[in-house]
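Below is one structure, written out as structure tokens; comments come after it.
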Amino acid sequence: MALNTFDRSKARMSAAAQVLAGGVSSNFRLNISPTPLVIDNGFGPYLVDVDGNRLIDYYLGMGPMILGHAPKSVIAAARAQLDRGIIFASQTEAEFEAARLVCELVPCAERVRFGSSGTEVIQAALRLARAATGKPTIVKFEGHYHGWLDNVHWSVAPSAEACGPLERPNKVPGTPGQDPRCGDNVAVLGWNDLAAVERRLAQGDVAAIIMEPAMCNTSAIAPNPGYLEGVRAACSKAGAILIFDEVITGFRLSAGGAQGLFGVTPDLATFGKAIANGFPVAALAGRADLMDMFSSRGVMHGGTYNAHPVNMAATVATLRTLAEGETYALIEKRGRLLMSGIQATLQHHGIAARIQGFPGIFHVAFGITEPIRSFRDTFPIDRARYIKFTTALVERGVRALERGAWFLSSEHDESVISATLDAVAGAAKAVA
Ligand code: PLP
């Protein structure tokens, strides 16, 4: 079988770097082996790149495309809205219906506000928490990502040398140019450790605890039994606001997100990605008394593009499909098939690996077999070998993230899974 080549993507990327910084518009798209791809089009589970390679896609836009690429119902809804105008700086019926659907599906959602990116609605959540409690400190966890802004980009992927003792983790800045003072009111803890949360809350200065309720930016780690319940109870007792960042888990782990799956309801939750199947929509949802502070107490939240009518039409079409529930049943079955198929294939080729997570987003780690329960468990992962594996995969027609995450859509049917496992076998042989 001839392997895919990417000569045109490589040439276009190096030419683009003369006008577009690094050839990309997000740092997450840099430094991908054998090259960041230039895509011509996508449909169902596939992408077609400018070299003409058809690739089974497990990036899914880094998570949003839960219904696959270019689903007819979502495209039709967006197209119909486009014919009626672009933005109005007013409300629309689609916006009201999208809010109603979020409130129907998400346990914590008594009210909703829409935004355009996960990063920005997280800022709105933190502001509400400080306004409600009058306290300064936000607690976040090692390995959790809450957007790229200065006040949350701490200890997202700290090195083993930098992260300090587990009982008192260092607050490690994530980027050159970050204002160190923006970390003054941030505390970093290890995740999945209830005692650490209780100890920190006892200091009495915590406005909010923000977490990915399942840690999908590191190794698709589930919460330990009782952990979310314990943090919920501790926040209620201390008067701190519990924020679930469901930008990945929302509308992906279930129609009610991680809070629906695990049965623990936060005070506020942030959404993005799968909420609109790839249209730039984010949402902050939560308790009415908190959310109504935007209007009753003038807590500032703005945005020219918030609740953009085209995006709202796409949100309604996406959420109506997800509300039917069939998407999750399909993903559950096929995701499990894929996880066990990859595990068996790697084992057959003598590659030690740990596969864990959820059918709609799981993680493959090379070089370890023990469960990964928190960020520091990921240090021994053999990342260099895994990148050789994803490079061999894309040469065989499967595009998977180098950091180990695999996203599934309802369009990845059994034949797609079977073709994927053939490519996994070829790639495993290549790197064994
Ligand atoms: N929160 C989590 C858990 C995420 O995974 C991301 C993005 O990947 C964000 C927040 C930021 O969202 P956005 O990229 O839409 O700003």
Side-chain angles (χ1 to χ4, degrees), residues 24-30 32 58-66 106 113-127 129 138-157 174-175 186 188 191-192 208-223 228 242-253 257-259 261-262 266 268-286 301 303 305-308 311 314-315 318 357-358 360-363 374-375 378 401-407:
V24 300
S25 291
S26 161
N27 276 22
F28 293 113
R29 300 175 197 162
L30 284 169
I32 293 167
Y58 291 95
Y59 273 57
L60 294 181
M62 305 269 191
M65 315 305 292
I66 190 159
V106 174
R113 275 280 176 104
F114 290 108
S116 303
S117 71
T119 296
E120 63 176 284
V121 293
I122 285 160
Q123 295 301 311
L126 302 181
R127 181 172 286 168
I138 305 296
V139 173
K140 81 168 291 285
F141 298 92
E142 276 182 355
H144 293 223
Y145 177 68
H146 304 299
W148 55 275
L149 298 186
D150 283 10
N151 64 346
V152 284
H153 204 51
W154 296 93
S155 298
V156 173
T175 170
V186 176
V188 171
W191 190 66
N192 249 342
I209 294 198
I210 183 165
M211 67 164 75
E212 296 181 52
M215 193 170 165
C216 292
N217 275 297
T218 303
S219 300
I221 307 174
L228 296 181
L242 178 59
I243 305 169
F244 282 177
D245 178 352
E246 298 233 39
V247 169
I248 289 184
T249 54
F251 306 104
R252 176 162 283 286
L253 298 197
Q259 55 192 280
L261 185 68
F262 297 116
L268 295 171
T270 53
F271 297 88
K273 300 198 189 262
I275 193 172
N277 204 70
F279 283 80
V281 177
L284 171 62
H301 168 239
Y305 298 113
N306 292 357
H308 190 294
N311 298 338
T315 305
T318 302
F358 310 88
I361 171 169
F362 61 85
H363 186 268
S374 200
F375 176 73
T378 66
L401 282 152
E402 292 182 349
R403 71 174 165 87
W406 291 60
F407 288 101

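Keep in mind that the numbers below use all heavy atoms, side chains included, and drop hydrogens, waters and symmetry copies. Indexing begins at 1, ligand by ligand and atom by atom, following the structure's order.
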side-chain hydrogen bond (donor to acceptor under 3.5 Å, both in side chains) involving N277 - partner list, sequence neighbours excluded: none

Closest non-hydrogen atom pair between P64 and G61, with its separation: CD-O, 2.9 Å

N/O to N/O under 3.5 Å, ligand 1 against protein:
residue, atom, partner, partner atom, Å
ligand 1, 1 (N), Y145, O, 3.2
ligand 1, 1 (N), D245, OD1, 3.2
ligand 1, 1 (N), D245, OD2, 2.6
ligand 1, 5 (O), N217, ND2, 2.9
ligand 1, 8 (O), K273, NZ, 3.0
ligand 1, 15 (O), G118, N, 2.8
ligand 1, 16 (O), G118, N, 3.4
ligand 1, 16 (O), T119, N, 2.8
ligand 1, 16 (O), T119, OG1, 2.6

Heavy-atom closest contact (V152 atom, G147 atom, distance): CG2-O, 3.8 Å

Qualifying residues under ring pair (Phe, Tyr, Trp, His ring centres under 6.0 Å), relative to W406, sequence neighbours excluded: Y58, F362

Partner set under ring pair (Phe, Tyr, Trp, His ring centres under 6.0 Å) for H144, not counting sequence neighbours: F141, W191

Centroid-centroid distance, F271 to F251, less than 6.0 Å: yes

